[in-house]
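In what follows, a single structure is set out as structure tokens and then discussed.
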Amino acid sequence: MPEFSGAWPPEPWDVAQSAYDLHSAWVAGDTDVLAAFYAQNPDGKPAKTRSAQYSTGVIGKVARWFWGRPPQQATKRLHIPAAADVARTSADLLFGQPPQWVLNQGDATNLEAAQDRLNQLLECDDATATFLEAAELQAALGGVFLRLFWDSEVTDKVMLSAVGPDAAIPEWRYGKLAAVTFWSIVATDKRGTWRHLERHEPGAIEHALYCGDSDHIGRRLPLQEQDATAWAAELVDQNSSIPTGVKGLTAAYIPNVRPARRWRNVPGLSPLGRSDFEGIEHLFDALDEAWSSWMRDLDLAKARLFVASSLLEQDGPGQGASWDPEQAIYTPAPADDMIEGGPNSLVQAQQFAIRHAEHQATCTALMNRILVSAGYSTGDFGDDQLAGQMTATEVTARKDLSNRTRSKKALYWGSAMAPLARTMLDLDELVYGGSYGLQADPEMQFPVRVDQDPVQRSVEIANLRTAQAISIAASVRKINPNMSSDEVDEEVAAIKAELAELAPDPEPFGDSDFDTTPEPHSDLQPDSPLPEDGDELDKAA
């Protein structure tokens, strides 16, 4: 815990905080926040003059962005939530189907009870919802923290919550999370800004309350000073900590993708990972500019009529004049005003063309570039117009980029969640009772993503079965790749039982109503001796 009234967040987290603010603005899609962010100088303070647009370096570059331009005219700036779509798709790819948690033989002394409780903790709806939330934060901010909490008066099990990296100060040891301090602003009043700090370390969770200002942590005060932290004052010991009773860390960090290119050589920041938005912020900006230009074309293309003054009806002194487009008869006008298309024609129509194809092609190209740079396929966004004309193999190939990105992120999830799942089960055993004897980390298994159409898969399996090139067990695994071995065995047994019921029973030989024994030849009785030579055999025949 900090013991001084220093800047908050401390170095080097203040550098990371600026990137978090930028990516948060893009994923939130708030146009006011985007305009405010890009209208500032890199130090976070508003520019005194707009001469920054003519400057060189970072200040001039940012000020010349679409969202950095001053609103000198009443222009309509529209925002396409491409960043939010990328984050949502990343979460859907990972946790659209809930992962499974597996304990192998020897991982626990009471394996069946441990597996059942693990499923209750991590395969329930609330855990899956937390994973989806965490995956969106992970894609947008470059990583996400998961922390454990419990309250025996409210829940009957240990719970998970997701925390963004912009509200945490981690401590690393050889690239692994050793401890982390979560912070949040719980109140702002005339005394200053109140922050609650919650430090997770192996065996304990420490709580502290600080009062400072918007940029400094301030001084430490008792937890009872704020209602938001008064509950912790009744639970902490003399060290302001709550002992967990378990050896493991009650928090975990899941990076999005490594390495963190922006902070690769910055101590403390290099293990964080990089956001899906890193390096493509200018593409988001260009997409908004192209879309706003498209909408401006629609506005400019509205039909407008220029009417000669001789057609106007005076509404009275000081009330101007008006024109009735439904009027059928007008007072004759001079001949030169009657010339159609002339400079003095009575009514002139003005309507600009809408550059629909050009704008659509531009927006499509920008969006495709965004998706490829972020590591996703256009087919996963519903933008693939050729999907209906392609075979299943081609569809799968076009989604291969998303599958590879999903596989990489799944590795980070499995590596970080395995020890946290074990700590979660140990903590649940301690708080809510149970006897599991856990000896190893559970395994997090992600379902196999099936891209092929079910009808096409069934036709393929039917052809393989007809050719006797695949077994029933292999067929079940192919159509249900996420089944366990026990589930596959049960399905095979059920299929064989149904086939046995449908097949007719063969009748025993000789039980038929008709005697199928062939009649002996009239000239060659069974008891007659056979001819010895061919001539006699021919005669007998």
Side-chain angles (χ1 to χ4, degrees), residues 1-14 16-17 130 144-155 157-173 176-253 268 271 416 419-420 422-432:
M1 291 292 181
E3 297 293 344
F4 55 90
S5 180
W8 193 264
E11 295 182 354
W13 309 108
D14 55 341
Q17 193 67 37
T130 301
V144 67
F145 288 90
L146 288 175
R147 63 177 173 183
L148 304 179
F149 69 94
W150 65 97
D151 189 343
S152 56
E153 297 180 357
V154 179
T155 65
K157 60 183 179 180
V158 177
M159 305 286 288
L160 279 171
S161 66
V163 183
D166 55 347
I169 307 296
E171 299 175 21
W172 313 100
R173 185 173 300 166
K176 299 293 184 180
L177 186 67
V180 57
T181 301
F182 300 111
W183 62 274
S184 61
I185 297 176
V186 296
T188 302
D189 53 24
K190 61 182 180 180
R191 299 176 60 183
T193 301
W194 296 81
R195 292 180 177 86
H196 173 215
L197 273 62
E198 178 181 325
R199 175 181 168 82
H200 289 244
E201 57 185 16
I205 301 175
E206 183 181 357
H207 293 268
L209 181 65
Y210 288 82
C211 182
D213 56 28
S214 59
D215 298 323
H216 298 82
I217 187 66
R219 57 195 180 95
R220 187 169 182 172
L221 295 175
L223 295 170
Q224 298 88 338
E225 291 289 331
Q226 288 292 330
D227 295 337
T229 56
W231 63 270
E234 302 176 359
L235 302 176
V236 298
D237 55 17
Q238 65 275 12
N239 297 322
S240 193
S241 299
I242 300 177
T244 61
V246 295
K247 296 181 180 179
L249 183 64
T250 51
Y253 180 72
L420 184 65
R422 179 175 183 178
T423 301
M424 188 178 189
L425 193 58
D426 290 340
L427 187 60
D428 185 85
E429 179 181 1
L430 182 65
V431 177
Y432 296 98

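Numbers for residues simply follow the sequence, beginning at 1. Computation of the quantities below employed the complete heavy-atom set of this structure, encompassing side-chain atoms and omitting hydrogens, waters and symmetry-equivalent molecules. Remember, it's a predicted structure, so these values are computed and weren't measured experimentally.
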Open item on the list: Closer than 3.5 angstrom, by distance alone: can the side chain of R195 be matched with the main-chain N or O of H216 as a donor-acceptor pair?
Closed with: yes
Task: Minimum side-chain heavy-atom gap W183-W8 below 4.5 Å - done: yes
Task: For V180 against A168, the heavy-atom pair lying closest together - done: CG2-CB, 3.9 Å
Open item on the list: If the test is side-chain contact (heavy atoms from CB on, under 4.5 Å), which one of L235, V236, I205, D237 qualifies with P243?
Closed with: D237
TODO: Drop me the distance from D189's CG to C211's SG, to the nearest 0.5 angstrom.
DONE: 6.5 Å
- [ ] Please say whether more than 12 non-hydrogen atoms of neighbouring residues, nucleotides or ligands are located less than 6.0 Å from CG in D227.
- [x] no
Task: Heavy-atom check, side chain of E198 versus side chain of V163, under 4.5 Å - done: no
Task: Close side-chain approach of P271 and Y253, heavy atoms under 4.5 Å - done: no
Open item on the list: Within this structure, what is the OG-CG distance for the pair S161 and L146, rounded to the nearest 0.5 Å?
Closed with: 7.5 Å
TODO: Tell me, please, which residues at least two apart from A228 pass side-chain contact (heavy atoms from CB on, under 4.5 Å).
DONE: V186
Open item on the list: I'd like to know if the side chain of T229 and the backbone of L223 have a donor-acceptor N/O pair within less than 3.5 Å.
Closed with: yes
- [ ] Would you check if L249 and P202 make a side-chain contact, meaning some heavy-atom pair closer than 4.5 Å?
- [x] yes
- [ ] Describe, in one word, how the ring planes of H196 and H207 are oriented to each other, choosing from parallel (under 30°), tilted (30 to 60°) and perpendicular (over 60°).
- [x] parallel
- [ ] Mind checking the CD1-CZ spacing from I169 to F182? Nearest 0.5 Å is all I need.
- [x] 10.5 Å
- [ ] Report yes if some heavy atom in the side chain of W150 is under 4.5 Å from a heavy atom in the side chain of L430; otherwise report no.
- [x] no
- [ ] Go through the steps to decide whether L221 and Y210 satisfy the test side-chain contact (heavy atoms from CB on, under 4.5 Å), and finish with yes or no.
- [x] CA-CA 6 Å; L221 295 175; Y210 288 82; over 6 Å; no
- [ ] State, yes or no, whether a side-chain contact exists between T250 and R147 at a heavy-atom distance under 4.5 Å.
- [x] no
Open item on the list: Distance check, rounded to the nearest 0.5 Å: M1 atom CE versus E206 atom CD?
Closed with: 4.0 Å
Open item on the list: Quick check: do P419 and K176 have side-chain heavy atoms less than 4.5 Å from each other?
Closed with: no
Open item on the list: Run the ring pair (Phe, Tyr, Trp, His ring centres under 6.0 Å) test against W13 and tell me which residues pass, sequence neighbours left out.
Closed with: none
Task: Between CG on residue L420 and CG on residue L160, distance to nearest 0.5 Å - done: 6.0 Å
- [ ] Supply the atom-to-atom distance R422 CZ to K247 NZ, rounded to the nearest 0.5 angstrom.
- [x] 9.0 Å
TODO: Side-chain contact test, heavy atoms from C-beta onward, threshold under 4.5 Å: evaluate it for I185 versus W194 and give yes or no.
DONE: no
Open item on the list: Tell me if a side-chain donor or acceptor on Y432 pairs with a main-chain N or O of T155 at a distance below 3.5 Å.
Closed with: yes
